[in-house]
Amino acid sequence: MRIRILGAHNCTAGDIKLASLLIDDVLAIDAGALTSSLSFPAQQKLKAILLTHQHYDHVRDIPALAMNAFLHETRLNVYSIPAVYDALAAYLLNDVLYPEFLKKPEGEPVINFTLVTPNQSQPINGYSILAVPVNHCAPAVGYQVTSPDGKGLFYTGDTGPGLAECWQQVEPGLLITELTVPNRYEEFARDKGHLTPDLLKQELDSFREIRGYLPQVITVHMNPRQENEIATEIAEVARSLSNPIRLGYEGMIIDL
Ligand SMILES: [Zn+2]
Ligand SMILES: [Zn+2]
């Protein structure tokens, strides 16, 4: 399984992009950087797009991807929870901001939207996909993606602390986790459902207690303005856990 991080930040400017992962060129998770990173032919290779939650930085490219699919006479397969469908239908694809691609053309809409059932594996394009609820200020799931050869990654999407129940469900070789702000913003992180380095350490302690090991860890969704501070604090967490933690970046490739 080849994972490419297309967007590793919580805001965007030039080469700094919003959350998006690409797996084996065919599966995408979150849509913050798909049109800005992928050519038309690369967009057409996408067999499925999994969305973690409704926030703009994670769904932003869905309207533009849908327009591209419409103009190229192809279709988009999007998977997520009901809250994401509702938000897209109400606010983005509502015939006010952009065409109703969830409903049109009638009978065969541009976006084929499939609801995922949390905590229940489902096959999508040869992968086993497991959506697991996480703790954010909007309804949100993380995704475990397991390839036919048994290699697996878990991507948290946006989440705050309290992931013990989530760790019961997943067993990845690679954990791609959100890590938005440095330790001094813990109150904000707890309030909005995000992680700081210290909060991530507690979650990794809990992971190790439940699963008996630690996976490779890569962080995304960092605030670029505070990235140096985050890097210093994450290095300390990695030292205390004796487990490497890498900061993700745009264009990073991980072979699993
Ligand atoms: Zn969010
Ligand atoms: Zn976000």
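As the structure is a prediction and not an experimental result, all values here were calculated from the model. The figures that follow rest on heavy atoms only: side chains count, while hydrogens, waters and symmetry mates do not.
- For residues 99-118, the set of pairs meeting the side chain to side chain donor-acceptor pair (under 3.5 Å) definition, not counting sequence neighbours, comprises N77-N112, D95-K104, E100-K104.
- Identified under the side chain to side chain donor-acceptor pair (under 3.5 Å) test for residues 247-256, with sequence neighbours left out: R2-D255, H9-E250.
- In this structure, R225 places its CZ atom where only 12 or fewer heavy-atom neighbours from other residues, nucleotides or ligands lie under 6.0 Å away.
- In this view, E165 satisfies the salt bridge (charged side-chain N to carboxylate O under 4.0 Å, His left out) rule with no residue, not counting sequence neighbours.
- A distance-only check finds a donor-acceptor pair linking the side chain of N94 to the backbone of A90 [under 3.5 Å].
- Side-chain contact between R246 and M252: present, with at least one pair of heavy atoms (C-beta onward) separated by less than 4.5 Å.
- Looking at E233, its side chain does come within 3.5 Å of a backbone N or O of N183 through a donor-acceptor pair.
- Residue pairs satisfying the side chain to side chain donor-acceptor pair (under 3.5 Å) criterion with at least one member in residues 141-159, sequence neighbours excluded, are listed as follows: D30-Y155, H53-D158, H58-D158, H136-D158, S147-D149, D158-H221.
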Inset, instruction - Kindly determine whether V145 and L21 satisfy side chain to side chain contact (heavy atoms under 4.5 Å, CB included), including the steps that lead there. - result: CA-CA 12 Å; V145 178; L21 306 179; over 6 Å; no

Legend entry - L204 and T177: CA distance, side-chain angles, deciding distance, side chain to side chain contact (heavy atoms under 4.5 Å, CB included) verdict: CA-CA 10 Å; L204 292 174; T177 176; over 6 Å; no

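- For CG of D15, the number of neighbouring non-hydrogen atoms (other residues, nucleotides, ligands) closer than 6.0 Å is 12 at most.
- Scored by the ring pair (Phe, Tyr, Trp, His ring centres under 6.0 Å) test, Y91 finds no partners at all (sequence neighbours excluded).
- Atom CD1 in I3 sits 5.5 Å away from atom CD1 in I254 (nearest 0.5 Å).
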Legend entry - Chi angles and distances behind the side chain to side chain contact (heavy atoms under 4.5 Å, CB included) call for Y185, Q226: CA-CA 11 Å; Y185 287 90; Q226 297 162 340; 3.1 Å; yes

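- L175 and I253 fall into different hydrophobic clusters, where Ile, Leu, Val, Met, Phe, Trp and Tyr are joined by side-chain heavy atoms under 4.5 Å apart, directly or via other members.
- Within the model, atoms OH of Y85 and CG of L115 stand 9.0 Å from one another, a figure rounded to the nearest 0.5 Å.
- With S37 contributing its side chain and L34 its backbone, the two residues share no donor-acceptor pair below 3.5 Å.
- For the pair V134/E178, no side-chain contact is recorded, criterion being any heavy-atom separation below 4.5 Å from C-beta on.
- Expressed to the nearest 0.5 Å, how far SG of C11 lies from CG of D57 amounts to 9.5 Å.
- Under a hydrophobic clustering in which Ile, Leu, Val, Met, Phe, Trp and Tyr are joined whenever their side-chain heavy atoms come within less than 4.5 Å, directly or via other members, V220 and L200 fall into different clusters.
- No single ILVMFWY cluster, assembled from side-chain heavy atoms under 4.5 Å apart, contains both V217 and I176.
- Put simply, the side chain of S20 gets close to the backbone of G32: a donor and an acceptor are under 3.5 Å apart.
- Within 6.0 Å of CZ on F70 lie no more than 12 heavy atoms contributed by other residues, nucleotides or ligands.
- No side-chain donor from either of Q122 and Y79 sits under 3.5 Å from a side-chain acceptor of the other.
- Rounded to the nearest 0.5 angstrom, I62 CD1 and I49 CD1 are separated by 4.5 Å.
- Put simply, the side chain of D61 gets close to the backbone of T35: a donor and an acceptor are under 3.5 Å apart.
- Atom SG of C166 is separated from atom CG of N119 by 8.5 Å, given to the nearest 0.5 angstrom.
- Residues L214 and I245 are members of one and the same hydrophobic cluster, defined by side-chain heavy-atom contacts under 4.5 angstrom among Ile, Leu, Val, Met, Phe, Trp and Tyr.
- By the ring pair (Phe, Tyr, Trp, His ring centres under 6.0 Å) test, Y127 pairs with no residue at all, sequence neighbours left out.
- For N125 (side chain) and K47 (main-chain N/O), no donor-acceptor pair under 3.5 Å exists by modelled atom type.
- Taken to the nearest 0.5 Å, the CD1 atom of I210 stands 4.5 Å off from the CD atom of Q168.
- In the hydrophobic cluster analysis, where Ile, Leu, Val, Met, Phe, Trp and Tyr join through side-chain heavy atoms closer than 4.5 angstrom, I5 is grouped apart from M222.
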Legend entry - Criterion side chain to side chain contact (heavy atoms under 4.5 Å, CB included) on R4 and L38, from CA distance to verdict: CA-CA 12 Å; R4 221 167 102 204; L38 302 178; 4.3 Å; yes

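- In terms of modelled atom types and a separation under 3.5 Å, the side chain of N223 and the main chain of V181 share no donor-acceptor contact.
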